[in-house]
J.: 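Got a structure for you, questions after.
Starting from 1, each residue takes its place in the sequence as its number. These numbers were taken from a predicted model, which means no experiment stands behind them.
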Amino acid sequence: MTSATSRSDAKPGPSAPGVPGARPKPAPPAGTPVRVTGAQSLVRSLEAVGAEIVFGIPGGTILPAYDPLLDSTKVRHILVRHEQGAGHAATGYAQATGKVGVCMATSGPGATNLVTPLADANMDSVPIVAITGQQSRSLIGTDAFQEADICGITMPITKHNFLVTDPAEIPRAIAEAFHLASTGRPGPVLVDIPKDVLQEMTSFSWPTELRLPGYRPTLRPHGKQVREAAKLIAQAHRPVLYVGGGVIKAEAAEQLLELAELTGIPVATTLMARGAFPDSHRQHVGMPGMHGAVAAVASMQRADLLIALGARFDDRVTGQLSSFAPEAKIVHADIDPAEISKNRKADVPIVGDCKEIIGELITAVQAEFDQGHRPDLADWWTQVESWRADYPAGYEWPDDGSLSPQYVIERIGELVGPDAVYAAGVGQHQMWAAQFIKYENPRTWINSGGLGTMGYAVPAAMGAQFGVPDTQVWAIDGDGCFQMTNQELATCAIEGAPIKVAVINNGNLGMVRQWQNLFYSERYSNTDLGTHKHRIPDFTLLAEALGCAGLRCETKEDVDATIRRAMEINDRPVVIDFVVGKDAQVWPMVAAGTGNDEIMSVRGIRPLFDDDDVSQEVAETATAAEGEDR
């Protein structure tokens, strides 16, 4: 291995602050080429693109990169406990900051442990760059120790990936990876570098030339399409702004608020767009989808115009696609042309950056209004308000007197407030966190929306905390999810990330149990985790073992005091074991495979239908549907 200071011509430099006898860090990037190893070139490239934090674990083939990384004062490395944690931490960092998250792993199992985070980031359009070591060039294809074709494996789940076989190409590969990850529709990019490429001598210079022929994302929308959309808005009597995560990615929340207030149109924000529009705003009708607010689902279903901004008409929002919003014309604005008309044909397609599109749409709509083409939405709002009044978000306390999970999450939101960052795992607690915490600002809600990755919350919260160190970060997790990735609490404790983890401990895989209750005749096959019956593990003791403060709450009377106690502890992470009832369910619900007209506000009550006898029909349809949600 070639060390950062092993060359005879190495010159002394300043020591790292607070580290006696520290070796000199590499010289800062400059236009004049300098002789370095491939590993040094990699570190300098990361410094040059502005990477601040790398989440990773060293191993054999990536080890050459870790030597010069030790000398860098610009890039901080966070030693995680599992590569999946590194990937989700990079995602959490990116979601909270809007910057590119970076993770690093060795070849073989280290790289394959990044597959789930890469797929997760790809589904949710999160900009991350994964750097992996690879076996030396001469060993590629020989089934060498810890060899895996990670480029081939991840091709379907990355925006792009590189196998770098020439050390001179490292700066360009890193520059292109960051550019690809953060522009157009964001997404994950993988850079795979063989060990001998990292060890070989090369020349480093910066800036480097990008060579991405054919990659030119459309940012400015076509003016004619914008004007056509404005005409439809001016003519519509039942319009809805269907807002997706692309609005947050485009930093377009301010423009969205202006458009909404100009038009007076109801706004529905998807699971990935929570916080893009203030929950407290009168025009916000809630989250649409399988467990969305009745007012949001009904508004979209009965609309005569849907203005989709940075959304992709996924199945969890549309329900049965053939019956989704049957009377609505569609304006579909997205930066990715592949998404437009993929699931629902657009009457007016608009390709471009959401911030640019909304800005131009404001001008075009104002021009229509100035000409007297402003629709009267009073009757539409009367209908929307009736849905909102008749079917508000709510819950019932468990009959056995146990703690309500919805109450716990609601109180966290009330006491911690809208300026905190909330990350969630996947399942019932995720839906309750989306429903009962009020989001006022973008980038304050982080979750695995598309892939539905259990175990996401803790490492994502960790990454977010490193990205926004002065902000309180809460992970809302389930007892099933928490047991998948809680080892990263050791990373948090050692590296200084005082996240708060609320474990919603219902003793079961809650969402699976809910489906078994509704659709499988209450046959609870392999969903009891034993965290109630046997208290295995004891989450408070586990927290202490991992360097955290461990708290437990089992009664309504103790909820507020426990949350406040957690908020007072800032020198280490905190884990709260909220022991809640096992039979609480997520409502409203559109069962998989059914249409949104069949939404049930609670079990057996279907607001959009006159026929109340729905249970058998919905159960039969949902049982036959594929893609069950856990």
J.: Could you give the side-chain donor-acceptor pairs of residues 244-255 under 3.5 Å, partners two or more places apart or in another chain?
T.:
{"residue": "Lys249", "atom": "NZ", "partner": "Asp124", "partner atom": "O", "Å": "3.3"}
{"residue": "Glu251", "atom": "OE2", "partner": "Arg443", "partner atom": "NE", "Å": "3.2"}
{"residue": "Glu251", "atom": "OE2", "partner": "Arg443", "partner atom": "NH2", "Å": "3.0"}

J.: Output every pair passing salt bridge (charged side-chain N to carboxylate O under 4.0 Å, His left out) with a member in residues 275-295, not counting sequence neighbours, ordered by first then second residue.
T.: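 Output for this query lists Arg274-Asp279, Arg282-Glu385.
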J.: Does the Asn343 side chain pair with the main chain of Phe313, one donor and one acceptor, at a distance under 3.5 Å?
T.: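 It does hold such a pair.
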J.: Restricting to side chain to side chain donor-acceptor pair (under 3.5 Å), what partner residues turn up for Gln95, sequence neighbours left out?
T.: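 So Gln95 forms no side chain to side chain donor-acceptor pair (under 3.5 Å) with any residue.
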J.: Between the side chains of Thr540 and Asp577, is a donor N or O closer than 3.5 angstrom to an acceptor N or O?
T.: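 No, no side-chain donor-acceptor pair sits under 3.5 Å.
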J.: Are the aromatic rings of Phe466 and Tyr93 close, with centres under 6.0 Å apart?
T.: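 Distance test on ring centres: not under 6.0 Å, no.
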J.: I'd like to know if the side chain of Glu83 and the backbone of Gly56 have a donor-acceptor N/O pair within less than 3.5 Å.
T.: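 It does not hold such a pair.
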J.: For the NE2 atom of His88 and the OG1 atom of Thr453, what is their distance to the nearest 0.5 Å?
T.: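 One gets 5.0 Å once the value is rounded to the nearest 0.5 Å.
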J.: Between Trp387 (side chain) and Val297 (backbone), is there a donor-acceptor pair under 3.5 Å?
T.: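 A pair under 3.5 Å: no.
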J.: May I ask you to decide if Ala566's main-chain N or O and Lys500's side chain share a donor-acceptor pair within less than 3.5 Å?
T.: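 Side chain of Lys500 to backbone of Ala566: a pair is present.
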J.: Just do the side chain to side chain donor-acceptor pair (under 3.5 Å) check on Asn113 and Gln84 with the steps written out, would you?
T.: CA-CA 5 Å; Asn113 279 340; Gln84 183 178 351; over 6 Å; no
J.: Taking salt bridge (charged side-chain N to carboxylate O under 4.0 Å, His left out) as the cut-off, I'd like each qualifying pair that reaches into residues 521-546, sequence neighbours left out, listed once.
T.: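 Found Asp528-Lys533, Arg535-Glu554, Asp538-Arg552.
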J.: Strictly by salt bridge (charged side-chain N to carboxylate O under 4.0 Å, His left out), give each pair with a member in residues 398-420 just once, sequence neighbours left out.
T.: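 The answer is Arg411-Asp560.
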J.: Measuring from Gln483:CD to Ile536:CD1, what's the distance to the nearest 0.5 Å?
T.: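 So the CD of Gln483 and the CD1 of Ile536 are separated by 10.0 Å.
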J.: Restricting to side chain to side chain donor-acceptor pair (under 3.5 Å), what partner residues turn up for Thr527, sequence neighbours left out?
T.: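 By the side chain to side chain donor-acceptor pair (under 3.5 Å) rule, Thr527 matches Gln516.
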J.: For Leu79, is there any backbone N or O sitting under 3.5 Å from a side-chain donor or acceptor partner on Arg81?
T.: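 Yes, the answer is positive, given that a donor and an acceptor are paired below the 3.5 Å cut-off.
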J.: What pairs with His281 under side-chain contact (heavy atoms from CB on, under 4.5 Å), at least two apart in sequence or on another chain?
T.: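 Here the qualifying residues are Leu257, Glu261, Phe277, Pro278, Gln283.
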J.: According to side-chain contact (heavy atoms from CB on, under 4.5 Å), who are the partners of Arg238, at least two apart in sequence or on a separate chain?
T.: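 Checked Arg238 against side-chain contact (heavy atoms from CB on, under 4.5 Å); matches are Asp304, Glu327, Trp380.
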J.: Does anything in residues 579-595 form a salt bridge (charged side-chain N to carboxylate O under 4.0 Å, His left out)? List the pairs, not counting sequence neighbours.
T.: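 Residue pairs with at least one partner in residues 579-595: Arg513-Asp583.
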J.: Please answer whether the main-chain N or O of Ala121 pairs with a side-chain N or O of Ser125 as donor and acceptor at a distance below 3.5 Å.
T.: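 No, because the side chain of Ser125 does not come within donor-acceptor range (under 3.5 Å) of the backbone of Ala121.
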J.: How many angstroms lie between atom CG of Asn596 and atom CD of Gln301, to the nearest 0.5 angstrom?
T.: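 Between Asn596 CG and Gln301 CD, I get 5.0 Å after rounding to 0.5 Å.
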J.: Could you pull out all residues at least two apart from Ser404 that satisfy side chain to side chain donor-acceptor pair (under 3.5 Å)?
T.: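 Gln406.
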J.: Quick one: does any side-chain atom of Gln428 pair with a main-chain N or O of Ile504 as donor and acceptor, under 3.5 Å?
T.: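 Pair absent, no side-chain N/O of Gln428 close to backbone of Ile504.
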J.: Does anything in residues 558-593 form a ring pair (Phe, Tyr, Trp, His ring centres under 6.0 Å)? List the pairs, not counting sequence neighbours.
T.: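 As it turns out, there is no ring pair (Phe, Tyr, Trp, His ring centres under 6.0 Å) pair with a partner in residues 558-593 once direct neighbours are skipped.
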J.: Under 3.5 Å, is there a donor-acceptor pair between the side chain of Asp315 and the main chain of Gln320?
T.: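 Not at all, since once roles are kept as given, no pair shorter than 3.5 Å links the two residues.
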J.: Which residue pairs pass the ring pair (Phe, Tyr, Trp, His ring centres under 6.0 Å) test when at least one of the two sits in residues 419-442, sequence neighbours left out?
T.: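 Checked against ring pair (Phe, Tyr, Trp, His ring centres under 6.0 Å) - neighbours excluded - the pairs reaching residues 419-442 are Tyr395-Phe436, Tyr422-Tyr439, Tyr439-Trp445.
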